[in-house]
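Chain letters run A, B, ... following the sequence lines, proteins first and then strands; every chain starts at 1. Below, each value reflects all heavy atoms present in this structure, side chains not excepted, and no hydrogens, waters or symmetry copies.
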There are 2 protein chains.
Amino acid sequence: MAQGALPGFRDFYPEQFAERAYIMDVWRRVLRRYAFSEYDGPPLEPLDLYRKKSGDELVGQLYSFTDKGDREVTMRPEMTPTFARMVAARANSLRKPVRWFSIPQLFRYERQQKGRLREHFQLNADIVGEASVTADAELLSIALDIMREFGLTSSDVRAGVSDRRLLQALVLEAGASEDALSAVYAVIDKRGREPVAISREKLEKAVGSSHVADKIDEFLGITDIDNLFQRYGAVESIAQHLDRLRAYFQYLNALGFADWVKLDLSIVRGLAYYTGIVFELFDTAGEYRAICGGGRYDTLLETLGGVDLPALGFGMGDVVVGELLRSRGMIPATPPRTDYWVAGEEEALTPQVMSVAAELRRHDRSVEYSLKPQQLSRQLKSAAAAGASHAVILKTERFAAGEVTVRNLEAGTEQSMPLEDFINSL
Amino acid sequence: MAQGALPGFRDFYPEQFAERAYIMDVWRRVLRRYAFSEYDGPPLEPLDLYRKKSGDELVGQLYSFTDKGDREVTMRPEMTPTFARMVAARANSLRKPVRWFSIPQLFRYERQQKGRLREHFQLNADIVGEASVTADAELLSIALDIMREFGLTSSDVRAGVSDRRLLQALVLEAGASEDALSAVYAVIDKRGREPVAISREKLEKAVGSSHVADKIDEFLGITDIDNLFQRYGAVESIAQHLDRLRAYFQYLNALGFADWVKLDLSIVRGLAYYTGIVFELFDTAGEYRAICGGGRYDTLLETLGGVDLPALGFGMGDVVVGELLRSRGMIPATPPRTDYWVAGEEEALTPQVMSVAAELRRHDRSVEYSLKPQQLSRQLKSAAAAGASHAVILKTERFAAGEVTVRNLEAGTEQSMPLEDFINSL
């Protein structure tokens, strides 16, 4: 008997597939505007590819196994290592900056929770070979343009942005030691997801001083770049990073997204590899997990691929985007409809029905007809059930005279005309 | 350091991705004409799903493993079991006939040979719920329409068709016993892939008679339905199947594919589950493996999904299609090109360059600009390297007066105009 799909895996019936296709179409359309090229890699990769970047912690969540050739392999949990491998292999011949995107299906064996799947499709967009902050602005504007293309506005979605270099300078300036940095980032990363008192306690413990914790709390509360400038503009170790961030905001303004972006120094991004500007997109109502996250990772290609090239990118999954759009009735979930249903008054006309259908298809129309003999009235019911917009009816006598009857199934109107005229009108 | 992909797996750099996207676009375009809806299932499925259909032989070629929840799972080696499971789960509510297609990536651990990959993308198109031969004609016409859409003709590709029911009737009429049928099919299936003498010897052994083998050899040589009718039309057990096959040819003629189809009774199709008309597409030059294979499998949904519905379908892989098209220079492999490169005469114009780029993108154009400060001449070289068709140049004084210069990078001509006029002309 029929079993279902594995837990955490989705079946895409035509309605669900139409939703997925809509999301992917928007992704592709927007990335095309930014002159990005699509690539893909294998969904199965050597396990070592992930060990390098993430260590053994991630490996516990992988769909990994030993293949029949005794290789340790895994279904890909993320795209960046594959991307780094592919770019590294052609690092010299690729035009820079590399502007590539991909929409891989990714797999993680996570504990089952509501809304947590074990697979999802994730748009990955990356730029390689450009250290300028213009590239950072270009990257974020892609993510925001996608939101806009979905019909969302800056009232629905915002980008919180930070800079790991700025954060580091601020934390050091507050009086924390270099050694405390990782611990401080970890605390900041969890802020907002745990009680304030606990967060504060952890921070004090990480920096070993209530005074230093106060200073960190202070700058984390600043959400305006000008305020930050007034407060820290005179501190040289900080000012250079403020200049860059100011340029970033200026460029995002030029690209038309000023309203969508806000400074949020508490954004660290869990992944250890970011080195510069980082961002997250979230719904302003706070109902969903982050819609998108990314930033600059200038050292990762060296680590993973052995080529020293600056890089930045983001990932955006189909699941959160789908939930957000669905909750607002903003996702068209109807599979494409049939244009014409060809019907014949009697069974003897079946070959003629097929010929007319074939002719319409040669004109790139979506066409269906009854595959078994049916009364004309029954055929027209089938046409309506299929959602066809028009029926083309072959009536025995009229068709012998070269005429077909075209019925608009929505309006209920119909018109007879020579078949040739009808075809020429397409 | 960078390793490559696993053996038998493909990296799709933008050029290869463009080829793959072209093939899939054609598939989707044609299936849309036939009013088919796209679906998908999980790339990982319970191992049992395949044991049911194919037994333990196939299981030796699977990417199967035990997941972290102790389930026996496998990367999908074919789509039909997933399709059967999904249709069965909604058998009552789905409009019949079901007309669905999918383009899954499939995985088999095959011994490495030239041109044999361990993954490929396979178009699967199936019709469920219709026993009439019109459905068989409709199905084959889809496969042939795809060939035509690729630019191929009936000189390049042919469909060989047979009917398992007719073949059985002919073999029995020749004097073979019911018990010998499987053995005879196995011999017929291998004909053409082994020496004639060996084939003949095996056939005699299977039927236990030189005379019966002669009769089988005789009808296998007939490639014209009318000849077959003359010879066997009077035999009742055979005539009913000839009538159906005649209607099939008549319908394929009506659908415009008469020239593409030939009777070939030696087509058995390796898979044990076909029950009626079967077909294969092959290149007339005989250079490649079968391009496509399919047919009617009226009992499979019962076996796999527990619902008794007639069904038929075909599979067409991207690898053989790609090889065939590539060998004839018929596959466009260029990623989509950039429409506009926006350039500024001096660095101070960067925000303006970005604004113009953003405006062009809002008009759905593909746009790029230099992400780092460069001399104008250098920017235009980058534009040419990117394959942009036009450059939009912001010259300091002209732009202050609201004008841009649009240069056609192919023709080398350029024209200055108000930015507003340029945007309105898009």
Subject >> Heavy-atom contact with chain B under 4.5 Å, split by part of Asn253(A) >> reply: neither
**OP:** Could you check which of Pro46(A), Ala247(A), Pro373(A) has the highest count of heavy-atom pairs closer than 4.5 Å to chain B?
**Re:** Pro46(A)
**OP:** Flag this pair as yes if the NZ/CZ of Arg118(A) is under 6.0 angstrom from the six-membered ring centre of Tyr109(A) and inside a 45 degree cone about the axis; otherwise no.
**Re:** yes
Subject >> Any Val342(B) side-chain heavy atom under 4.5 Å of Leu394(B) side chain >> reply: yes
Original post:
With a 4.5 angstrom heavy-atom cut-off, which part of Val73(A) approaches chain B: side chain, backbone, both or neither?
Top reply: side chain
Subject >> Which portion of Glu359(A) sits near chain B, non-hydrogen atoms under 4.5 angstrom >> reply: neither
**OP:** With a 4.5 angstrom heavy-atom cut-off, could you sort out which part of Phe257(A) is near chain B: side chain, backbone, both or neither?
**Re:** neither
Subject >> Residue Arg99(A) versus chain B: region with a heavy atom under 4.5 Å >> reply: side chain
Original post:
Is it the backbone or the side chain of Arg10(A) that comes under 4.5 Å from a heavy atom of chain B, or both, or neither?
Top reply: backbone
Original post:
So Tyr369(B) and Glu138(A), side-chain hydrogen bond (donor to acceptor under 3.5 Å, both in side chains) or not? Walk me through it.
Top reply: CA-CA 10 Å; Tyr369(B) 55 88; Glu138(A) 176 90 341; 2.5 Å; yes
Subject >> Donor-acceptor side-chain pairing of Glu45(B) and Thr82(B) below 3.5 angstrom >> reply: yes
Original post:
Can you tell which of Tyr13(A), Phe9(A), Phe65(A), Tyr39(A) has the highest number of heavy-atom pairs within less than 4.5 Å of chain B?
Top reply: Tyr13(A)
Original post:
Met75(A), Gln250(A), Gln16(A), Gln352(A): which one forms the most heavy-atom pairs within less than 4.5 Å of chain B?
Top reply: Met75(A)
Original post:
Non-hydrogen atoms of chain B under 4.5 Å away: do they reach the side chain of Ala388(A), the backbone, both or neither?
Top reply: neither
Subject >> Option in Arg361(A), Gln105(A), Arg362(A), Met354(A) with maximal non-hydrogen atom pairs under 4.5 Å from chain B >> reply: Arg361(A)
**OP:** Would you mind checking which part of Ala357(A) comes under 4.5 Å of any heavy atom in chain B, side chain (CB onward), backbone (N, CA, C, O), both or neither?
**Re:** neither
Original post:
Going by distance alone, is a donor N or O of one side chain under 3.5 Å from an acceptor N or O of the other, for Ser366(B) and Arg33(A)?
Top reply: no
Original post:
Should Glu368(B) and Arg95(A) be marked as a salt bridge (charged side-chain N to carboxylate O under 4.0 Å, His left out) after you check the CA-CA gap, both sets of side-chain angles, and the distance that decides it?
Top reply: CA-CA 13 Å; Glu368(B) 203 172 333; Arg95(A) 179 171 75 87; 3.4 Å; yes
Original post:
Between Arg148(A), Arg365(A), Lys372(A), Met86(A), which has the largest tally of heavy atom pairs under 4.5 Å with chain B?
Top reply: Met86(A)
**OP:** Give the member of Gly69(B), Ala18(B), Ala21(B), Ala131(B) that has the highest number of heavy-atom pairs under 4.5 Å with chain A.
**Re:** Gly69(B)
Original post:
Under a 4.5 Å heavy-atom cut-off, does chain B meet the side chain of Glu119(A), its backbone, both or neither?
Top reply: neither
Subject >> Side chain / backbone / both / neither for Ser370(A) at chain B, heavy atoms under 4.5 Å >> reply: neither
Original post:
Out of Ser132(A), Ala385(A), Pro42(A), which one racks up the most heavy-atom pairs below 4.5 Å with chain B?
Top reply: Pro42(A)
